[in-house]
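Note that these values count all heavy atoms, side chains included, but never hydrogens, waters or copies made by symmetry. Throughout, a chain's letter reflects where its sequence line sits, starting with A, and its residues are numbered from 1.
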Number of protein chains: 2
Amino acid sequence: MAGGRPRAFDEDAALDRALEVFWRQGYEGTALSDLTAAMGINRPSLYGAFGNKEALFRRVLDRYVDGPGGYSAAALAEPRARDVVARILGGAVELTTDSGHPGCLSVRNAQACGPECEQVRRAVVDRRNAGLAALRARLERARDEGDLPPGADPAALARYVFTVSDGIASQAASDATADELRKVVDLVLAAWPGQGEPSR
Amino acid sequence: MAGGRPRAFDEDAALDRALEVFWRQGYEGTALSDLTAAMGINRPSLYGAFGNKEALFRRVLDRYVDGPGGYSAAALAEPRARDVVARILGGAVELTTDSGHPGCLSVRNAQACGPECEQVRRAVVDRRNAGLAALRARLERARDEGDLPPGADPAALARYVFTVSDGIASQAASDATADELRKVVDLVLAAWPGQGEPSR
DNA sequence: CAAGTTTTTTACCTATCGGTACGTTACTTC
DNA sequence: GAAGTAACGTACCGATAGGTAAAAAACTTG
């Protein structure tokens, strides 16, 4: 029965700005003053709209997984397992070599951190493992459909693909270029099971 | 021309304690109070002996690369390229799934961080890239010696191996077990160039 | 034992951390 | 236009960050 003062900023735009900062500096390396400066709002507005730093990060994480990181879930829809993997790894290269914020928000914040942000780390790890389980299920289906050799191990292959994907993010953070990492992806794809003798 | 009060702690032992903390929490997530508590010394002693937090980390980084991370440089001495890779990746699994401090100090601290520790990050990145260059040189030699097929790309292969190695560290930080990661290593080795038709 | 040197201890520094109290402003509803 | 509501701006909170001043303590050398 009353409206109140309207919000002076766009919530989605503010989240995008926050994403930029968290991506570039990590959760632990980001101060509230960094966030408010980038988002163009002051501290009480941030708390009013998003709760606190941790809750804001979780919102940003959702946004990251659905937005820039969405290629991974989308890749599962490829009809052939090899193309699923090609999209996941190719997408990782494009994502993590994007100038301005090299590396991956998810990979970064799954790493060791101080005790006070262990909960945030766990949230990231849980999401990562959900993605792993989804790829594993997808590769199990592929094997059942004959899209992978009968002897293939979907669990190990899924772990392998995500291992390479994580590694791509780390390498990108260590100045690897997109071209260099695309060659890495090519090596993986050239040896993907079920395509006769590899060329390399 | 005088002795002064003798140091009440062992410098190497203190560095090992500091390594534990930096490994478990990362540079950014480690407070000086964490360090002094673990090292069993008080703050001015730390500054007197090691300079400051950043200088201490650099000492610890040296110690890490020569100690727990020494398997990587040692692996280059293997006579066959495939065994070099097997030792690097196998060593990464053992190192990063060691209970108490999962993950890798080097991988962790090469990731995005706040502005105030960017110099530390660069130091880590530079060391990582030196290791990459060494493996690349080793694989070039292998190709020249016929230990790799003539068409093999040593630079891409070296990057690939380190990508997997980094990925292993990330996965270990996300609760992957040593057994799971050993299967990943097996997949890489099964497809290593120059061994006829792969079995998978 | 006195002088000189270095480490230890205690106590403290400033800056910044994440988070909030409170009064003001801008809007909707009656 | 009065009442109600919610976001805004300013100014602040206690806690902790990395780092240090200064004096007491433990040694070596003469």
In this structure, how many angstroms lie between the [atom2] atom of [N] and the [atom1] atom of [X], rounded?
{"X": "A:Phe50", "N": "C:dG18", "atom1": "CZ", "atom2": "C1'", "answer": "17 Å"}
{"X": "A:Glu28", "N": "D:dA17", "atom1": "CD", "atom2": "C1'", "answer": "13 Å"}
{"X": "B:Leu35", "N": "D:dT16", "atom1": "CG", "atom2": "P", "answer": "17 Å"}
{"X": "A:Arg5", "N": "C:dA26", "atom1": "CZ", "atom2": "P", "answer": "5 Å"}
{"X": "A:Glu11", "N": "D:dC8", "atom1": "CD", "atom2": "P", "answer": "11 Å"}
{"X": "A:Glu116", "N": "C:dG18", "atom1": "CD", "atom2": "P", "answer": "10 Å"}
{"X": "A:Leu32", "N": "C:dT16", "atom1": "CG", "atom2": "P", "answer": "14 Å"}
{"X": "A:Tyr27", "N": "C:dC17", "atom1": "OH", "atom2": "P", "answer": "13 Å"}

Side-chain donor-acceptor contact under 3.5 Å, B:Asn42 with B:Ser45: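 A donor-acceptor contact under 3.5 Å links the two side chains.
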Donor + acceptor pair across side chains of A:Ser174, B:Arg128 (<3.5 Å): yes
Closest-nucleotide ordering on DNA chain D, the 5'-leading residue of B:Asn52 and A:Pro44: A:Pro44
Touch check for [X], heavy atoms < 4.0 angstrom, all strands: base, sugar-phosphate only, or nothing?
{"X": "B:Pro6", "result": "sugar-phosphate"}
{"X": "A:Thr36", "result": "nothing"}
{"X": "A:Ala8", "result": "sugar-phosphate"}

Does OP1 or OP2 of [N] have a side-chain N or O of [X] closer than 4.0 Å?
{"X": "A:Tyr47", "N": "C:dT20", "answer": "no"}
{"X": "A:Asn42", "N": "D:dG9", "answer": "yes"}
{"X": "B:Ser33", "N": "D:dA17", "answer": "yes"}
{"X": "A:Arg7", "N": "D:dA7", "answer": "yes"}
{"X": "A:Ser45", "N": "D:dA7", "answer": "no"}

Exercise: identify the closest heavy-atom pair between A:Arg138 and A:Leu76: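 Reported closest heavy-atom pair: NE-O, 2.9 Å.
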B:Phe9 side chain, from C-beta outward: closest of D:dT20, C:dG18, C:dT8: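 Out of D:dT20, C:dG18, C:dT8, the nucleotide with an atom closest to B:Phe9's side chain is C:dT8.
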Minimum-distance nucleotide (side-chain atoms of A:Ala31 versus C:dC17, D:dA25, D:dA21):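 The answer is C:dC17, which lies nearest to the side chain.
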Separation of B:Arg17 CZ from B:Asp10 CG (nearest 0.5 Å): 10.0 Å
Under 3.5 Å donor-acceptor pair, A:Arg43 side-chain atoms to D:dG9 base atoms: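 When only heavy-atom distances are counted, A:Arg43 does not reach the base of D:dG9 through any donor-acceptor pair under 3.5 Å.
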Under 3.5 Å donor-acceptor, A:Glu28 side chain and A:Gly114 backbone: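 Looks like yes, one N/O pair under 3.5 Å.
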